[in-house]
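In what follows, a single structure is set out as structure tokens and then discussed.
Model, not experiment: these values are computed from the prediction.
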Amino acid sequence: MFKISENVRRLTDEEKLQYENDGYITGLPVFSNDAQEDLNNLFISLSSRLNSSIDLNQTNMWHKASLTFYNLCRTPAILDYVEDLIGRNFFQWGGQFFLKEPKDGSVVPWHQDAQYWPLSPAKSVTVWLALYDTDEQNAAMKVVKGSHKEGMFKHHTNKASNLVLDQEVSHDQIKEEDIISLNLKAGEISLHDDGLLHGSEANNSDRRRCGITMRFAPVNVKADLSIWPHFETQLARGVDDFKNNPIAEIPRGEGTPVRKFQYSKEFVSQW
């Protein structure tokens, strides 16, 4: 399953510099064209566990629930790219699907991840794995390059029913000339900084668009448990000499998250 692309590699010095300056890297090869059926089967297998009343986009912590999902996140090529950005000692703390079915109308408003995350220091890297070809027609993620260097933007609340998130940055704060569409082929990933402005429009095509996000951070990052009591980590590579955060058990089977925030102990009975 999940045949690795023959083009996997380590990040170049130029790509590391781009990440520092622009806040993202895109088009990195991980899985080969031969893995497209497996990626589709993964999506079908995991998403079909949810009943129709639960929005896949509103579930999280798949890495704490599902051994299949956890193993996907431990793909060496993915961890190599992350290590090249944040060093050899890092943990995973998030794993989620972002789905837009054809013409479903859902929108991810412009936002910075750090607006939502009570983590210090703000050093998280998000991996966005394309399960299907993703472009501007089916609502690829867009970023504002360099915006991670401008501090926190002003977010306001918008509870419109078609928005995946309820905090957004108004368009008058965004430099239109710096917007980049992170088009990806199935099996490729992008990486972005937690301070980077990003979002995605509605999928007006006839093609499904779905990505898996994996959130990684260096082991010195600490969560404010008074805000996020559910926060737990799983060491992804190296050692954790800081031990700042609770640790989630590695899944021993297949559990299914039904909410955004859940403790790993909630899944044990499903294994």
- Min side-chain heavy-atom separation Glu15-Arg9 under 4.5 Å: yes

- Are any non-hydrogen side-chain atoms of Leu72 and Phe31 less than 4.5 angstrom apart? yes

- Query: Near Leu17 CG, under 6.0 Å, is it more than 12 heavy atoms from other residues, nucleotides or ligands?
  - Reply: yes

- Please indicate whether Glu177 has more than 12 foreign heavy atoms, meaning atoms of other residues, nucleotides or ligands, lying under 6.0 Å from its CD. yes

- Note on the structure: Nearest heavy-atom approach of Cys210 to Leu99 is CB-CD1, 3.9 Å

- Partner of Arg207 by salt bridge (charged side-chain N to carboxylate O under 4.0 Å, His left out), out of Asp133, Asp135, Asp104: Asp135

- Query: Is the closest side-chain heavy-atom distance between Leu67 and Trp271 below 4.5 Å?
  - Reply: no

- Near-ring test Tyr19/Tyr81, centroid separation under 6.0 angstrom: no

- Side-chain contact test, heavy atoms from C-beta onward, threshold under 4.5 Å: evaluate it for Gln234 versus Pro251 and give yes or no. yes

- Item | Mutual orientation of the aromatic rings belonging to Trp110 and His171 [parallel < 30°, tilted 30-60°, perpendicular > 60°] | perpendicular

- Check Leu46 against Trp62 and note the closest heavy-atom contact, atom names and distance. O-CH2, 3.5 Å

- Message: So for atom CG, which belongs to Asn21, do other residues, nucleotides or ligands contribute more than 12 heavy atoms lying within a distance under 6.0 Å?
- Response: yes

- Contact list for residues 148-170, test salt bridge (charged side-chain N to carboxylate O under 4.0 Å, His left out), sequence neighbours left out: Glu150-Lys175, Lys159-Asp166

- Interatomic spacing from OH in Tyr132 to CG in Leu39 - rounded to 0.5 Å: 8.5 Å

- Item | Parallel, tilted or perpendicular: ring planes of Trp228 versus Phe261, cut at 30 and 60 degrees | tilted

- Message: Tell me if the CD atom of Gln36 is crowded by more than 12 foreign heavy atoms within 6.0 Å.
- Response: yes

- Task: Flag yes if more than 12 heavy atoms outside Lys3 fall under 6.0 Å of its NZ atom; otherwise flag no.
- Result: no

- Item | Leu182 side chain near His198 side chain, heavy-atom distance below 4.5 Å | no

- Item | Exceeds 12 heavy-atom contacts within 6.0 angstrom, atom NZ of Lys103 | yes

- Note on the structure: Given the options Arg237, Arg74, Arg88, Asp80 meets salt bridge (charged side-chain N to carboxylate O under 4.0 Å, His left out) only with Arg237

